[in-house]
Amino acid sequence: MILNAKKRPLIAVALLLTSLGITTSCIDNSYDLNKDIDMTISAGGEHLAIPVGYTEKITLDKIIEIEEGDDLQLVDGEYHLLKSDNIDETNTSVNLVTVNDSENPINLIEVISNANYPSKIDVSIFDKESEGKIETKAHKIDNAVIEIGALTANTPTKLTLNFKIETTGNISYSDVTIENMAIIFPDFIQFKEGQNGLNGQTLTISGEVIPHGSNFTKDLYITKYVFGNKYGEGNKVQEENGDRIIRIENQKITVKTNVIVHEAQGNGSLSISPTAILAAMTVNNVLGTIKPEMNVEPTNVKLTNLPDFLQDDEVKLDITNPIFSFKANNPLQTNIEMDGVMTGYKNGQVTKVVKIGSGNGGNPIILKPSGDNQQTISLTRVATAIEGVTNVVVPNLNDIIETIPDYITVDLEPTVKSDDYYNVELGQKYILNSSYDIDVPLNFGSNLKIVYDETIDNFDLDLEDVDIKKAILSINAVNTIPLAMEIKNENVSALDANGNVIKDIDVTVEGTITESKDGKAEVSSTLNINLNETAEGAISKLDGLKLKVTAVPGQATDVQLLSTQWLQLTDMKLKIPNGIKVDLN
């Protein structure tokens, strides 16, 4: 704090005597003033007050000095503690799945049973039905996969139906005609569309001729295995000898047929042996309950570029509406729930730990499925109503900045908790990018305590020849800042002309600086700083005072600090309670 030049030096001795109506023009030169006459003169009594000066209006932008790059900045004239940066990205993936190949025999379709045909004959059967089961399994399922609703093939997978003619005895034939056959596949198989003879889950074969000694095959192509559409309907992953597997089992396949055996002759039987052969399926997409692991490295938020008044060890912040925002893309097709822990550190020691989300009895941050879009979440004890912003209430959020830390460690824990089905591309990296944005507007609550240092110097009192034991610096403080301010006894130091502390002066302070209730009205209050020397001549060295001003909110809570708010110290006077003694020798 720089005093205005409008100051009054105390004296040259002659000026003081003149002001008292005393001159030395009548003194006889024959007297030895040093020996014969006591030249010590008292003046002032109880009423001597020496004007010291006043300060200009000290606006907050002078008290709170902000430089480019500081974390404290002005936003439309308001003070905000701002900090933003990116959080290290994290990625997750779900490993590829391969469903094994398998051969699935279907029960024999008996056409001729223990027959004896002495001559060639055509034999027909109608509405013959046979059943079988399709079974297979997949190994090494990723730990993230809990239940599978559907598996989609990277490329369509072949299913081959093989029909083999088997005979016993010496029966012979020329060929077998499949007049009409219907193969009904289990519902879990989803076929490629547009395949000849296929309608839904039923394949119809008509007029196919199987020559003697030959097999008949039919290829179909599968695009997907579907087990269910919601949690509980699907195929749960099982643990087996340290392996994570799914089983596809007891899936019924039915064959209904009408056939003709041409020119059958001899003794014995003739049957059609069907087999459904599944090729291995390489899966590139899973629909199901999938909870991938997402590890986010802790992020350090450094708060080092702050003005002095916020760095004192005694500073305590009680901010009405601190806002910690996180922005993150959600690459998955399901909600990501994000809890977190913020830990403050000052001088290497933990100051406070604040949990975000369910660990603090509240709701987690919800990142909605949004692709490349960003979701912003505000953490504040005062609910926000900003469109597109999800608000998470953290009642003790202020704790993390109550004692302003050197840095805050932010440890985020994103997880998928929902059992709802969604799709995941296998083998693909899903990258979660996030950033933080801290905005602490300096509008204070009732427990705020901030401290700043100030020096009032260059009194220019010229007190070397004046015997003063006690003095009072009287100050009229005019304040529009919404902070009450106090000066403790131990926070005042008397200074000499070189700026050194004068140790032989005891200081006591009376009064406080009253706050402006609305940050606009001028409020006056009086401070008296009492100075008592404990060694002779201590006050005669006085040239200034160093003050540590402790600001507390008083009654003006939730009022924003503005750069234009000001404090002015006026009518500053050095009062001498018992007058002064001047040695004219």
Side-chain angles (χ1 to χ4, degrees), residues 100-136 155-223 248-281:
N100 296 351
D101 57 357
S102 66
E103 290 193 11
N104 302 276
I106 301 169
N107 294 334
L108 292 174
I109 303 171
E110 269 194 337
V111 179
I112 298 173
S113 177
N114 298 318
N116 182 8
Y117 299 123
S119 59
K120 293 180 179 180
I121 187 173
D122 291 343
V123 179
S124 299
I125 65 160
F126 300 96
D127 300 325
K128 194 74 173 179
E129 184 173 319
S130 180
E131 290 184 354
K133 293 179 180 178
I134 293 180
E135 299 185 332
T136 187
T155 56
T157 299
K158 185 186 292 186
L159 184 155
T160 299
L161 292 168
N162 182 51
F163 298 93
K164 180 181 179 182
I165 306 300
E166 295 184 352
T167 62
T168 63
N170 62 358
I171 197 164
S172 64
Y173 65 97
S174 61
D175 55 62
V176 175
T177 298
I178 299 175
E179 282 200 328
N180 186 45
M181 179 182 283
I183 302 100
I184 304 165
F185 294 97
D187 290 338
F188 86 94
I189 296 175
Q190 183 170 310
F191 291 100
K192 181 181 178 181
E193 294 182 357
Q195 298 186 78
N196 187 36
L198 188 64
N199 183 13
Q201 298 304 108
T202 301
L203 174 67
T204 301
I205 300 172
S206 299
E208 292 289 346
V209 177
I210 307 174
H212 183 272
S214 298
N215 294 345
F216 169 69
T217 61
K218 173 69 174 179
D219 291 335
L220 296 173
Y221 291 91
I222 300 170
T223 59
I248 299 172
E249 53 190 4
N250 297 321
Q251 299 291 328
K252 187 171 75 170
I253 182 171
T254 303
V255 178
K256 297 178 180 180
T257 188
N258 299 329
V259 297
I260 300 173
V261 180
H262 295 280
E263 299 181 359
Q265 187 177 9
N267 299 317
S269 300
L270 184 148
S271 301
I272 301 175
S273 175
T275 303
I277 303 169
L278 286 176
M281 176 187 281

Quick one: side chain to side chain donor-acceptor pair (under 3.5 Å) partners of [X], sequence neighbours excluded?
| X | answer |
| --- | --- |
| T254 | none |
| T204 | none |
| N170 | none |

Rounded to the nearest 0.5 Å, how far does [atom2] of [Y] lie from [atom1] of [X]?
| X | Y | atom1 | atom2 | answer |
| --- | --- | --- | --- | --- |
| L278 | K158 | CG | NZ | 12.5 Å |
| L161 | I106 | CG | CD1 | 6.5 Å |
| E263 | I260 | CD | CD1 | 12.5 Å |
| L270 | N114 | CG | CG | 12.0 Å |
| T202 | I184 | OG1 | CD1 | 5.0 Å |

Practice task
If a pair satisfies ring pair (Phe, Tyr, Trp, His ring centres under 6.0 Å) and one of its residues is in residues 196-217, list it, with sequence neighbours excluded.
Solution key: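 Sorted pair list: F163-F216, Y173-H212.
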Minimum heavy-atom separation for [X] and [Y], please, with both atom names.
| X | Y | answer |
| --- | --- | --- |
| E166 | L108 | OE1-CD2, 3.8 Å |
| V259 | I178 | CG1-CA, 4.1 Å |
| I112 | G268 | CG2-O, 3.8 Å |

Handout entry: side-chain hydrogen bond (donor to acceptor under 3.5 Å, both in side chains) pairs, two or more places apart, involving residues 213-223
Key =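 Every side-chain hydrogen bond (donor to acceptor under 3.5 Å, both in side chains) pair that includes a residue of residues 213-223, provided the two are not neighbours, is T160-D219.
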Exercise for the section: Any side-chain hydrogen bond (donor to acceptor under 3.5 Å, both in side chains) involving residues 117-133? Give me the pairs, sequence neighbours left out, ordered by first then second residue. Expected result: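 Found K133-N250.
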Handout entry: Evaluation steps, side chain to side chain contact (heavy atoms under 4.5 Å, CB included), between I165 and I272
Key = CA-CA 5 Å; I165 306 300; I272 301 175; 3.8 Å; yes
